[in-house]
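Quick notes on the structure that follows.
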There are 2 protein chains.
Amino acid sequence: MAWDTEGTKRSILDAAVDEFAAHGPDGTTIERIARKAGVNKERVYNYFGGKRELFARVLRDELAKVARDVPVESFATEDIGEYAGRVYDYHRLHPELGRLLRWEGLAFDAAVPDEEQRREHYSYKTAAVADGQEHGALTRELDADHLIFLVLSLAGWWSAVPQVARMITGDETEAEHQRRRASVVAATRRLAAPG
Amino acid sequence: MAWDTEGTKRSILDAAVDEFAAHGPDGTTIERIARKAGVNKERVYNYFGGKRELFARVLRDELAKVARDVPVESFATEDIGEYAGRVYDYHRLHPELGRLLRWEGLAFDAAVPDEEQRREHYSYKTAAVADGQEHGALTRELDADHLIFLVLSLAGWWSAVPQVARMITGDETEAEHQRRRASVVAATRRLAAPG
DNA sequence: TCCATTTCCAACGTCAACGTTGGAAGTAAC
DNA sequence: GTTACTTCCAACGTTGACGTTGGAAATGGA
């Protein structure tokens, strides 16, 4: 039987996303990742170093995905409310990213990997808001960096404390998800409207 | 030397808050809690059952504290912006609660302890918003449950993903905290303003 | 076909947390 | 001071994850 190095790496990464998102850096074991991927755990150490490095790699990959799937140029031309709706949709469809970010915030906080690169990633979003403000499409009452951050909070908080969301709003039926999305869009527009 | 059962329990609970907030349910070990409290771990099992029960107890205590320290009756008479500011302040001063809630959301989600009691806790807040809406002090564009939830998101997101906040807004100086608080208050008012 | 290289795994020693137990030390009632 | 009870801990066996190692199986070039 032929080797399939790339396939093995892919299996490991896929399993790692699941495990890290589900159990976090501490709760995840290399053994489970390896078992789930159908390989020996030595492969994980050999290909990706330790747990920490693997976590960083997984997070980097997921951030690349969201940047690809929910792009934004400028809120001078794009509706920021609809953007927030798309972010909400993304979180709902791919809960992993948000979970990974929150695990990271809880477990690491300081000493985040790839910090410089990620700072740049966010600076594009801030620039898109600043551009919208300059063109009069968004309020100037809030600074651009805070405005984008708060918009992300409206879209992301639901999955950050899902148990609280459930206790306040009731169970997560499909109808409730629609209602939530509509609230996120409406709230974002209220937050960002000029004048 | 005399026994001090209550004191021992207090020490354990205090240590448990620190450890759980810092490391979460998985990352926390009963051994470390016991060591920090200066007692044998058998005491922990004897007084509080296992790790899970202790976590539930700690969270319950912290929720009682915030309910006491940031009370609210009705947003018909109280400014919801200032309320959000107080929630922000509370999170900044007592990061434990937010961290515990996020650990809980990540580690347990379904199967939250004391769910009924906590649902009631939140229903008071929703009622305060509904009252504000009935008196024309708050917008009716958003449902009361979603509005309070989103307001809490504006106040809480900063500590939920502190690393993201840092990358977007820069380091957490005292000035930056002031700016954040002001943004939370302003954003909440924009979100909730009637008409 | 032979040999160097790469991929892969079973098995290992180490370490730390789990939850429990047997009994010592302290307290209170009589 | 004897008895009954409570508080406390040292020590235990068990389990599971860590990261490593020695070598087997597969590959590809000479």
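Throughout, protein chains are lettered first and strands after them, A, B, ... in sequence-line order, and every chain is numbered starting at 1. Atom set for the values below is all heavy atoms of this structure, side chains included, hydrogens, waters and symmetry mates excluded.
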Original post:
E31(A) has a side chain; which of dC18(C), dC9(D), dA17(D) sits nearest to it?
Top reply: dA17(D)

**OP:** Establish, from distance only, whether the side-chain atoms of H146(A) and R180(B) form a donor-acceptor pair under 3.5 Å.
**Re:** no

Subject >> K51(B) side chain near dC18(C) phosphate (N/O to OP1/OP2, under 4.0 Å) >> reply: yes

Original post:
Which nucleotide, dC18(C), dT20(C), dC18(D), lies nearest any side-chain atom of T29(B)?
Top reply: dC18(C)

**OP:** Select one nucleotide: of dC9(C), dC9(D), dT20(C), the one nearest the side-chain heavy atoms of Y45(B).
**Re:** dT20(C)

**OP:** Just say parallel, tilted or perpendicular for the rings of H177(B) and Y88(B), cut-offs at 30° and 60°.
**Re:** tilted

Original post:
Which residue lies toward the 5' end of DNA chain D, N46(B) or R32(A), if each is placed at its nearest nucleotide?
Top reply: N46(B)

Original post:
Between R86(A) and D69(A), is there a side-chain N and carboxylate O pair less than 4.0 Å apart?
Top reply: no

**OP:** Using whole Å, report how far CD1 of I30(A) lies from P of dG16(D).
**Re:** 18 Å

Original post:
With V129(A), which of F149(A), Y83(A), F75(A) fulfils side chain to side chain contact (heavy atoms under 4.5 Å, CB included)?
Top reply: F75(A)

Subject >> Spacing between E42(A) atom CD and dG22(D) atom P, to the nearest angstrom >> reply: 13 Å

Original post:
Rounded to the Å, how far apart are L54(B) CG and dC18(C) C1'?
Top reply: 15 Å

Subject >> Gap between atoms CD1 and C1', on I12(B) and dT7(D) respectively (whole Å) >> reply: 11 Å

Original post:
Quick one: E53(B) CD to dG19(C) C1', roughly how many Å, whole number?
Top reply: 12 Å

Original post:
Do E53(B) and F48(B) come close enough that some side-chain heavy atom pair is under 4.5 Å?
Top reply: no

Subject >> Side-chain N,O (Y47(A)) to OP1/OP2 (dC8(C)) below 4.0 Å >> reply: yes

Subject >> Rounded distance (Å) that lies between atom C1' of dC8(C) and atom CG of N40(A) >> reply: 7 Å

**OP:** Measure from the side chain of R43(B), starting at C-beta and using heavy atoms only, and say which of dC9(C), dT7(D), dA17(C) lies closest.
**Re:** dT7(D)

**OP:** Using atom NE2 of H23(B) as one end and atom C1' of dA17(C) as the other, report the distance to the nearest whole Å.
**Re:** 14 Å

Subject >> Rounded interatomic separation in angstrom, taking CG from D26(B) and P from dC18(C) >> reply: 10 Å

Subject >> Phosphate OP1/OP2 of dT7(D) contacted by T8(B) side-chain N/O (<4.0 Å) >> reply: no

